Amino acid sequence: MFIDLYDLQNVPPSNINRDDTGSPKTAHYGGTLRSRVSSQAWKRAMREMFPTLLDSGRLGVRTKNAVSLIRDAIVAKRPDLTDEAEQLAKCALSATGVDVRESDRAGKDKGTLATGYLIFIAHREIGQLADVAIGWHDAGVDVSAKPNAAMKKEIDAVFHGTQAVDIALFGRMLADAPDLNTDASTQVAHAISVDTITPEYDYFTATDDCASDDNAGAAMIDTVGFNSSTLYRYATLNVGSLYEQLQDVAATVEGAAAFVEAFIRSMPTGKQNSFANRTLPGTCVVMLRDSQPINIVDAFEDPVRAEEGRSISRQAAVRLGRKLKFVQDAYGEQPVQAWNITTDEPIAELDEVSAHVTFPQLRSELKEALTQTLSGRE
């Protein structure tokens with residue numbers, strides 16, 4: 001079972017995802033220049049929204065400072081181990097196979113123990129690693145020595161327990177500990193604009209509020225790149241894969257619903273204070289499929305062009321509905337259930353392939369459908 005999400009989102013002048021030069025990311029598609037927002041940027045925005053939708057105890061954190069988090073958990077549980085906590089934490093994390101070393105980053109982190117790369121670790125795992133380390137201390141284990149096979153087995157059991165929802169959704173890759181890797185249950189496409197864009201630049205100056213009256217010059221001169229567009233966004237969730245990792249129907253349903261809501265409502269925050277570009281999608285289509293995920297980005301291979309009295313966003317919504325119908329008819333890809341949300345007048349082409357609903361209705365009906373689908377698995 002797959003959940004396919006299709007969003008059309010009008011974004012005014014903005015720079016929500018920058019390249020190495022500070023300009024908005026772009027891509028050539030259909031022979032023309034399009035605005036682009038990377039999947040990584042949008043997944044980051046989604047993960048930051050998850051604590052408002054799910055119990056934080058079911059989530060994780062991506063960091064190089066896992067040793068510090070485990071150390072703090074040890075101290076919180078056993079204040080008497082404050083002096084030994086960091087070594088205990090290092091031993092527990094090292095037992096996974098992850099390389100722990102002194103950080104070379106400038107600032108307050110320099111010299112502290114850190115991993116060589118970002119690792120995705122669940123809050124549950126942090127607490128359990130702290131418990132294991134405390135147990136070792138109380139048992140008189142020499143934590144300054146290299147972890148033995150029994151210690152590694154004990155640590156391995158921690159990482160093969162109930163998975164954090166966001167790790168199950170987005171996956172985990174530990175280069176030094178491949179046995180702890182987790183395949184992502186979701187795939188998120190790079191968002192691209194349905195229309196051709198032209199890069200633009202805002203030239204601005206800043207004045208010194210405390211400068212003398214005879215100083216008429218600017219204290220700073222700079223430019224910032226931006227563009228505006230209507231983005232086509234797509235993601236898919238493998239419900240079966242999510243359930244296999246969570247092993248709980250209710251948790252799977254809540255996790256899937258949170259993913260859908262975060263995908264629809266989130267927005268990367270690049271240059272947001274400068275542009276106040278926060279919008280919600282004007283059109284959303286959610287399809288529950290039992291065959292395979294289907295990305296219909298080719299509906300916009302020929303870019304949408306402005307027409308008198310017809311907005312680019314509405315033309316794109318009509319195209320979206322037509323393409324979904326064409327694919328449905330050509331391949332027999334009839335969804336199990338489908339819904340659409342629009343912030344404008346209903347669109348007949350979308351209503352032909354999906355039920356027009358509000359977001360609260362979508363969330364309720366999607367959770368009900370997933371519960372019925374998964375109910376026989378427990």
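These values consider heavy atoms only, across backbone and side chains, with no hydrogens, waters or symmetry-generated copies. Remember, it's a predicted structure, so these values are computed and weren't measured experimentally.
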Notebook entry, point to check: side chain to side chain donor-acceptor pair (under 3.5 Å) with Glu254: which residues, sequence neighbours excluded?
Noted result: Lys367
Notebook entry, point to check: Among all residues two or more places apart in sequence or in another chain, which pass the side chain to side chain donor-acceptor pair (under 3.5 Å) test with Glu365?
Noted result: Trp339
Do you see a donor-acceptor pair shorter than 3.5 Å between the side chains of [X] and [Y]?
X	Y	result
Gln40	Arg44	no
Thr279	Gln9	yes
Glu333	Ser291	yes
Thr342	Thr283	no
Gln361	Thr358	yes
Ser35	Ser193	no

Checklist line | side chain to side chain donor-acceptor pair (under 3.5 Å) partner of Asn10, the single match among Thr343, Thr230, Asn277 | finding: Thr230
Check: Honestly curious: do Ile3 and Tyr6 fall in one hydrophobic cluster under the side-chain, below-4.5 Å linking rule?
Finding: no
Check: Is there a chain of hydrophobic side chains (I, L, V, M, F, W, Y, each step under 4.5 Å between heavy atoms) that links Ile70 to Phe159?
Finding: yes
Do [X] and [Y] touch side chain to side chain, with heavy atoms closer than 4.5 Å?
X	Y	answer
Val286	Ile341	no
Ile294	Val327	yes
Met173	Phe120	no
Val353	Gln328	yes
Val336	Arg289	no
Leu231	Leu8	no
Leu5	Tyr234	no
Val188	Phe263	yes

Check: Would you call the rings of Phe50 and Phe170 parallel, tilted or perpendicular, where under 30° means parallel and over 60° means perpendicular?
Finding: parallel
Locate the shortest heavy-atom distance separating [X] from [Y]; write the atom from each residue and the value.
X	Y	value
Ile167	Thr182	O-CG2, 4.0 Å
Val297	Asn295	N-OD1, 3.0 Å
Phe226	Pro24	CA-CG, 3.6 Å

Next item on the list: Tell me, with the steps shown, if Asp55 and Val165 meet side chain to side chain contact (heavy atoms under 4.5 Å, CB included).
Entry: CA-CA 10 Å; Asp55 177 6; Val165 177; over 6 Å; no
Next item on the list: Could you give me the CA-CA distance, side-chain angles and deciding distance for Leu174 and Thr96, then say whether side chain to side chain contact (heavy atoms under 4.5 Å, CB included) is met?
Entry: CA-CA 10 Å; Leu174 300 178; Thr96 65; 5.7 Å; no
Any ion pair linking [Y] and [X] (charged N to carboxylate O, less than 4.0 Å)?
X	Y	result
Arg172	Glu125	yes
Lys90	Glu86	no
Arg47	Asp166	no

Note to self: According to side chain to side chain donor-acceptor pair (under 3.5 Å), does anything in residues 195-207 pair up with another residue at least two apart or in another chain? List the pairs.
What the structure shows: Thr32-Thr196
Check: Out of curiosity, Phe300 CZ to Asp298 CG, how far, rounded to the nearest 0.5 Å?
Finding: 9.5 Å
Next item on the list: Please report the C-alpha distance between Leu113 and Glu102 in whole Å, then the side-chain angles of each, then the deciding distance to 0.1 Å, and finally whether the side chain to side chain contact (heavy atoms under 4.5 Å, CB included) criterion is met.
Entry: CA-CA 4 Å; Leu113 293 177; Glu102 286 193 357; 4.2 Å; yes
Note to self: Once side chain to side chain contact (heavy atoms under 4.5 Å, CB included) is applied, do any residues pair with Asp156, and if so which ones, sequence neighbours excluded?
What the structure shows: His160, Leu180
Notebook entry, point to check: With sequence neighbours left out, which residue pairs that include part of residues 350-372 fulfil the ring-ring contact (aromatic ring centres under 6.0 Å, His included) condition?
Noted result: none
Notebook entry, point to check: If only atom types and distance count, is the side chain of Tyr29 paired as donor or acceptor with the main-chain N or O of Pro303 below 3.5 Å?
Noted result: no
Item checked: All pairs passing salt bridge (charged side-chain N to carboxylate O under 4.0 Å, His left out) where residues 264-280 contributes a residue, at least two apart -> Glu261-Arg265
Next item on the list: Give the C-alpha distance, both sets of side-chain angles, the deciding distance and a yes or no for side chain to side chain contact (heavy atoms under 4.5 Å, CB included) between Asn148 and Met151.
Entry: CA-CA 5 Å; Asn148 58 38; Met151 295 167 69; 3.1 Å; yes
